[in-house]
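The next block holds one structure in the form of structure tokens; read it before the comments.
Please read all numbers here as calculations on a predicted model, not as lab measurements.
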Amino acid sequence: MTLDPVVLFFLLGVGARLARSDLRLPDALYETLSIYLLLAIGLKGGVELARQDLWSLLPVALTAFLLSATIPLIAFPLLRGPVGLPRADAASIAAHYGSVSVVTFAVAQSVLARAGVAAPPEFAVLVAIMEAPGIVVGILLARGVSGGVSGGQGPSAGWGALLHDALFGKAVYLLLGGLLIGALVGEAGMAPLRPLFGDLFRGALALFLLEMGLVAGGRLGDLRRAGPRLVAFGLLAPLLFGAIGLGAGLALGLGAGGVTLLATLAASASYIAAPAAMRVAVPEANPALSIGVALGVTFPFNVTIGVGLYLWLAQRFAS
């Protein structure tokens with residue numbers, strides 16, 4: 001299997017951090033790239049949605065929703081028992097794995113395109129669907145810590161902030177906005193923007209992964225302090241949850257591309273939406289642990305090994 005060049009940009013960033021290089025992307029460029037990727041994925045999915053019968057996507061959408069809500073229920077006892085984390089930290093990390101990583105999804109799309117495997121572009125809507133359910137379940141798991149959300153300030157304030165972040169946070173808002181624009185204007189309307197949001201996509205993704213490599217390399221110290229059991233969880237969790245997503249995709253009768261994308265989303269962990277929401281809802285949790293394992297272990301595993309493995313398995317078993 002040929003390594004996708006965008007993955008090498010990620011490894012380049014990790015190597016720069018480990019070598020203590022002064023390499024750093026400007027904050028404004030990082031923010032611009034993240035906005036660009038979210039919009040590009042949403043627009044591509046919206047154009048495809050304009051061609052589709054939405055009822056045909058309903059079984060996949062419901063499955064994705066259930067996956068996002070169920071994964072924290074599996075992760076939580078593993079984090080509490082074998083890993084031995086306090087309830088708040090276990091619930092926070094479980095919420096991160098119930099939510100999804102839009103960048104990992106973008107890498108999967110890139111790998112599929114390079115391999116010549118047809119991928120359902122409308123699956124971009126699944127990224128938005130799977131952002132919030134896992135976060136909500138994670139907060140429910142953590143409620144025993146303070147008797148409520150938002151550090152005991154009362155459930156109404158915490159849940160109000162959570163719902164606002166779930167509906168109007170940057171990731172979900174841009175994805176849904178892009179989907180809506182793409183669906184309204186269709187392929188003909190998007191033609192003038194194709195050079196920007198189509199041809200340049202892989203180049204922008206490569207630069208973004210360079211920055212992600214720098215960030216992930218800087219989180220390795222947090223993981224060393226957390227101990228080997230949490231690192232082992234970060235490596236085994238994407239295999240377990242990816243297998244569940246793979247099985248769900250096969251049960252739905254999806255093609256190799258659809259199975260790969262669903263497995264990738266199930267295997268990924270959020271490091272954008274979930275940290276913001278859990279900071280509001282479960283302030284007792286240590287964010288260094290959740291971001292460290294999601295971004296420092298699971299994200300590198302998925303972009304270097306995981307996505308290619310899910311594709312290989314999907315090609316072997318999908319009809």
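The shortest distance between side-chain heavy atoms of Leu205 and Phe9 does not fall below 4.5 Å. With a 4.5 Å cut-off on side-chain heavy atoms, Val137 and Leu141 count as touching. You'll find the side chain of Leu43 stays beyond 4.5 Å of the side chain of Val47, heavy atoms only.
With hydrogens and angles disregarded, a donor-acceptor distance shorter than 3.5 Å links the side chain of Thr63 to the backbone of Pro59. Not one N or O on the side chain of Arg17 forms a donor-acceptor pair closer than 3.5 Å with the backbone of Leu23. With hydrogens and angles ignored, the 3.5 Å screen pairs no side-chain donor or acceptor of Tyr97 with any backbone N or O of Phe76. Side-chain atoms of Thr260 come within 3.5 Å of backbone atoms of Ala256 as a donor-acceptor pair (strictly under, hydrogens ignored).
Using the six-membered ring where Trp is involved, Phe208 and Tyr30 have ring planes that are parallel, under 30° apart on the 30 and 60° scheme. Using a 30° and 60° split on the angle between ring planes, Phe241 and Phe233 fall in the perpendicular class, above 60°.
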For Glu187 and Arg194, what are the C-alpha separation, side-chain angles and deciding distance, and is it a side chain to side chain contact (heavy atoms under 4.5 Å, CB included)?
CA-CA 9 Å; Glu187 186 173 9; Arg194 189 173 296 115; 3.7 Å; yes

Would you check, one step at a time, whether the test side chain to side chain contact (heavy atoms under 4.5 Å, CB included) holds for Ile93 with Val293?
CA-CA 8 Å; Ile93 295 174; Val293 69; 4.1 Å; yes

Only distances under 3.5 Å count here; give the side-chain donor-acceptor pairs of residues 64-74 to other protein atoms, sequence neighbours excluded, each with its distance to 0.1 Å.
{"unit_1": "Ser68", "atom_1": "OG", "unit_2": "Gly98", "atom_2": "O", "d": "2.9"}
{"unit_1": "Ser68", "atom_1": "OG", "unit_2": "Met130", "atom_2": "O", "d": "3.1"}
{"unit_1": "Ser68", "atom_1": "OG", "unit_2": "Gly134", "atom_2": "N", "d": "3.0"}
{"unit_1": "Thr70", "atom_1": "OG1", "unit_2": "Leu66", "atom_2": "O", "d": "2.7"}

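Residues Leu79 and Ala90 approach most closely at CD1-O, 3.4 Å, considering heavy atoms. Heavy-atom minimum distance, Leu78 versus Leu240: CD1-CD2, 4.2 Å. Summarising the geometry of Pro300 relative to Leu295, their closest heavy-atom pair is CD-O, 3.2 Å, with the distance given to 0.1 Å. In plain terms, the two heavy atoms of Val117 and Gln315 that are nearest each other are CG2-NE2, 3.4 Å.
Screening Leu252, Leu261, Ile129, Val125 for a side chain to side chain contact (heavy atoms under 4.5 Å, CB included) involving Val60 leaves a single residue, Leu252.
Looking at residues two or more places apart in sequence or on another chain, you find no side-chain hydrogen bond (donor to acceptor under 3.5 Å, both in side chains) involving Thr264.
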